[in-house]
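Per chain, numbering begins at 1; letters A, B, ... match sequence-line order.
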Amino acid sequence: MQTYEPGMELYGGVHYSDYPDPDNITKMDLGCLPMIADFHKFGIRLDIPFLNNLNSRIETIQKEIELETEIYIGSYQYRTSKGALIPFSIGSRDHLAQLLFEEWKVQGDDPVPLTPKGRRFEVSEEIMEPFKDRHPAVPGIIEWHKSEKLRNTYTSVLPLQVDSDSRLHTQFNATVASTGRLSSSNPNLQNIPIRTKLGKEIRYAFTCDPGWRLLSADYSQIEMVWAAHRSQDPTMLDIFRRGQDLHDRTACSVFGLDYEEVQALKKLVADKLATVAQTSEFNDFKQFQRLPCKTVGFGVLYGQTAEGLQASLASEGIFWTIERCEEFITQKFFAVYTLLKAMLDRDYAYATRYGLICDEFGRVRLVPEAKSQLKRIRNEGLRKAGNHPEQSSAQGSIKIAMARLTPICRKLGDKMVRPLLQIHDQLILEVIAPFVEEFSHVVREEMEAATPLTIPVRSSSDIGERWAEL
DNA sequence: CCACGTACACCC
DNA sequence: AAACGGGTGTACGTGG
């Protein structure tokens, strides 16, 4: 096990670099190309009958909603910009906006929500949330639109894109994302739904050949690990050295709670051995202490503002004032992570001075906006600059891991192992069943050893026959 | 008819 | 007043 030192040589002749280093980046990007070629070649198997069935179920749901809402919509007609009346179409966001805000006036005494650009009414689900109980047809219409999206983007389209072996070959592009991430298109397999129940069912359709298994291995908190490494923030280092839960520990540090006591309580609740009082105590911790810390922790590398935090918390049902959000970020969160704040400020200053920022391998991101006189533009550049070192270095880790795994996979051959997908901090492979457990350790070890840092880089793995199980 | 911008949804 | 980094795909509406 190698230990970190500045500039040390890594696999494939790549090295850590604190200056712009295009040759180093070329080596890194070329090193992961063979595995990208494997992704393209193998493709992932799709359970087409399952997906077709899911598509039918979604259509049924939509038809029910159409029947339910018909009585409210009736013969309402949409007025075009030229004043003509045309039949109402539930799929059009403009038709919907006119019906909701001009016919039904669901906004009541509130201002009509407008989109940032242009002068259209905003009808995103987030904005519609408060209007859901203002008219009985609104929840149904929202659900119809969500279903339409799933159908149009996934369930009705993916079955048309498979090869004769029911396998889906996405195209990975290594040259579009400025942070060195890969992107996926035709179809995009990096945005398959996971959060909602119906959406996650789409993942069930992704599977493996009989006698094989899907293996997923992903880095744990890789961007935060890089942030801890770069900042040398003592609290962050301590959390990752001890292998603690980042957000639990943050909440404990921010609110002065004992981490071990919280973990004990957490375990009691998980094992269903907690009293009513203990359960309620833990739920309060989760909602009012852990959740804000988690939200800030998630947003901090994106340069989240108090307004951004407020919006994020609101979507979780927590309504804080701007002042409280502001105070929480500056006085609570950054009071604990002082060196993390110092690191971000260093990156902002660097970007302001040079109009660019480097990751830990010398990948350069140009941010000329950081020098702008206009505050909005400048802050936009600074947020990009603040995020780039972590997002880009994290890509470095997985790209080197891919390069390290390439000869191992080649030696085993495609009767044993087939690399299928990379999803930013995660690799998905198809492995013959009797070998998958053993191989999961190999993949994890290569990922963890790819970029030795001043703290352990951890990864975890899952095995299943369906993507939804991973 | 096509190309393009916008809004919105999905992912890490 | 105040949107949070990186992506792709879809439908819609407009303008050539």
> Is a donor-acceptor pair below 3.5 Å formed from side chain A:Arg181 to base B:dC12, judging by atom type as modelled?
Replying inline: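 Checked by distance alone, the answer is yes.
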> If you take atom types as modelled and just measure distance, does the side chain of A:Gln190 reach the base of B:dC11 with a donor-acceptor pair under 3.5 Å?
Replying inline: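 No pair found.
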>> Please determine whether a side-chain nitrogen of the Lys or Arg among A:Arg363 and A:Asp29 lies less than 4.0 Å from a carboxylate oxygen of the Asp or Glu.
In response: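 Salt bridge flag = yes for A:Asp29 with A:Arg363.
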> Between A:Glu201 and A:Arg57, is there a side-chain N and carboxylate O pair less than 4.0 Å apart?
Replying inline: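 Yes, this pair counts.
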Give a yes/no on whether any side-chain N or O of [X] is located under 4.0 angstrom from OP1 or OP2 of [N].
| X | N | result |
| --- | --- | --- |
| A:His95 | C:dC12 | no |
| A:Lys146 | B:dC10 | yes |
| A:Ser183 | C:dT8 | yes |
| A:Arg93 | B:dC8 | yes |
| A:Ser185 | C:dG7 | no |
| A:Asn186 | C:dG9 | yes |
| A:Arg120 | B:dA7 | no |

If you look at every strand shown and take non-hydrogen atoms under 4.0 Å, does [X] touch a base, only sugar-phosphate, or nothing?
| X | answer |
| --- | --- |
| A:Ser312 | base |
| A:Arg365 | sugar-phosphate |
| A:Ile192 | sugar-phosphate |
| A:Glu125 | sugar-phosphate |
| A:Ile194 | sugar-phosphate |
| A:Phe298 | nothing |
| A:Glu223 | nothing |

> Between atom CZ of A:Arg181 and atom CD1 of A:Ile423, what is the distance when rounded to the nearest 0.5 Å?
Replying inline: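 That separation rounds to 11.0 Å.
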Looking only at side-chain N and O atoms, does [Y] offer a donor or acceptor that is under 3.5 Å from a partner on [X]?
| X | Y | answer |
| --- | --- | --- |
| A:Thr250 | A:Tyr337 | yes |
| A:Trp144 | A:Thr69 | no |
| A:Ser315 | A:Glu126 | no |

Could you please name the option among [options] that lies closest to any side-chain atom of [X]?
| X | options | answer |
| --- | --- | --- |
| A:Tyr302 | C:dG5, C:dA2, C:dA11 | C:dG5 |
| A:Glu122 | C:dG5, B:dC8, C:dT8 | B:dC8 |
| A:Thr305 | C:dG6, C:dA3, C:dA2 | C:dA3 |
| A:Thr179 | C:dG9, B:dC8, C:dG6 | C:dG6 |
| A:Asn188 | C:dA2, C:dT8, B:dA7 | C:dT8 |

> On a whole-Å scale, what distance lies between the C1' atoms belonging to C:dA2 and B:dA9?
Replying inline: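 Rounded to whole Å, the distance is 24 Å.
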>> What is the distance, to the nearest angstrom, from the CD1 atom on A:Ile222 to the C1' atom on C:dG6?
In response: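 Rounding to the nearest Å, CD1 of A:Ile222 and C1' of C:dG6 are 16 Å apart.
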> DNA chain C: A:Gly299 or A:Asp94, which has the more 5' nearest nucleotide?
Replying inline: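 On the 5' side of the pair lies A:Gly299.
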